[in-house]
Amino acid sequence: RICVITLAEAHPLLQSGKTIKNINYQISANCSRLQNKVSGKSKRTRLFIFQMQGAQFLTELAPLCRISSSDGEEYTIYSCIRGRLIEVNENILSNPALLQEKPSTEGYIAVVLPKFEESKSITQGLLTQKEYEEVLLKRRSSAS
C-alpha cells in the first residue's frame with residue numbers, strides 16, 4: 001500500500017539524453033522535503049496500521065523536488081497522490097545519474113503512504129503497463 005514515486009519512461013529527462021545537473025528537495029523558503037522526519041511504529045492486527053508523526057502531508061499537486069538539466073531546463077516533480085511522505089531518496093543528490101540509469105529502483109524520488117481508506121481508489125485508478133504504453137503511443141502519433 002505504499003507508493004514509490006519515480007520518473008515515467010516518457011519523461012523528457014529519460015527520453016532526450018539530457019544530463020541531470022541538480023536535484024533540489026527545497027520546495028520553498030519554508031519547505032524542504034529533506035526536513036521530513038518520520039517516527040512511529042506499526043501495530044500488527046488483521047491489518048498493518050501505521051502510526052506516524054512528523055511525516056509531511058502531500059496533495060496530488062504537491063511538488064516533491066525540482067530537477068535541473070545541463071541545458072537549463074527545470075522540471076518540477078509532483079507527488080500525484082495524496083498521502084504522507086515516508087522518505088525521499090537522498091542517494092540521488094550525490095548521484096543524479098541514478099534517476100536515468102535506474103529510474104524504477106535505486107533512482108526513485110520518494111515513498112508516499114496514502115491514507116488507508118484512499119489507497120484502494122488510488123490503485124484502482126492506475127494504468128497497467130499495457131494501458132500506459134497505449135497512452136504513450138497515442139500521444140506520440142498525435143504529436144507527429
One should read off an interatomic distance between I67 CD1 and E74 CD, to the nearest 0.5 angstrom, of 9.5 Å
Would one find more than 12 heavy atoms of other residues, nucleotides or ligands at under 6.0 Å from atom CG of D71? yes
Item to complete: Answer yes if the side chains of R84 and Q56 hold a donor-acceptor pair under 3.5 Å, and no otherwise.
Response: no
Subject >> Side chains of Q129 and E9, donor plus acceptor under 3.5 Å >> reply: yes
Rounded to the nearest 0.5 Å, the CG atom of L64 sits from the CD1 atom of I23 at a distance of 12.0 Å
Query raised in the report: Mind checking whether V112 and I27 sit in one hydrophobic cluster, side chains of I, L, V, M, F, W, Y counted as touching below 4.5 Å?
Result: no
Trace of the side-chain contact (heavy atoms from CB on, under 4.5 Å) decision for T6 with V4:
CA-CA 6 Å; T6 65; V4 180; 4.1 Å; yes
For S79 and I5, the nearest pair of non-hydrogen atoms, with its separation, is O-CD1, 3.5 Å
Sorted by chain and residue number, the side chain to side chain contact (heavy atoms under 4.5 Å, CB included) partners of K115 (sequence neighbours excluded) come out as F57, R82, E117, E118
So CZ of R66 and CG of N22: to nearest 0.5 Å the spacing works out to 11.5 Å
Using a 3.5 Å distance criterion without hydrogens, assess whether the side chain of Y108 forms a donor-acceptor pair with backbone atoms of L7.
no
- Query: Checking side-chain contact (heavy atoms from CB on, under 4.5 Å) for the pair E106/N91: CA distance, chi angles, key distance, verdict?
  - Reply: CA-CA 8 Å; E106 295 172 49; N91 294 329; over 6 Å; no
Item to complete: Using a 4.5 Å cut-off on heavy atoms from C-beta on, say whether the side chain of L85 contacts that of L113.
Response: no
Residue pair Y132 / K130, side-chain heavy-atom distance below 4.5 Å:
no
When every non-hydrogen atom of K21 is compared with those of S70, the smallest separation belongs to CB-N, 4.1 Å
Inset, instruction - Look at the side-chain heavy atoms of Ile, Leu, Val, Met, Phe, Trp and Tyr, link any pair under 4.5 Å apart, and say whether I81 and Y78 land in one connected group. - result: no
**Asked** When you look at H11 and I77, which way does the side-chain contact (heavy atoms from CB on, under 4.5 Å) test go after all the steps?
**Response** CA-CA 10 Å; H11 195 282; I77 308 302; 3.8 Å; yes
dist L99:CG -> L14:CG (nearest 0.5 Å) comes out at 8.0 Å
Open item on the list: Whether the side chain of R33 engages the backbone of P63 through a donor-acceptor N/O pair (distance < 3.5 Å, no angle test) should be reported.
Closed with: yes
To the nearest 0.5 Å, atom OH of Y75 lies from atom OG of S68 at 10.0 Å
For Q26 and C31 the tightest heavy-atom approach is NE2-O, 3.5 Å
With C65 as partner, the option from I109, N24, I92 fulfilling side chain to side chain contact (heavy atoms under 4.5 Å, CB included) is I109
So CG of L136 and NZ of K138: to nearest 0.5 Å the spacing works out to 11.0 Å
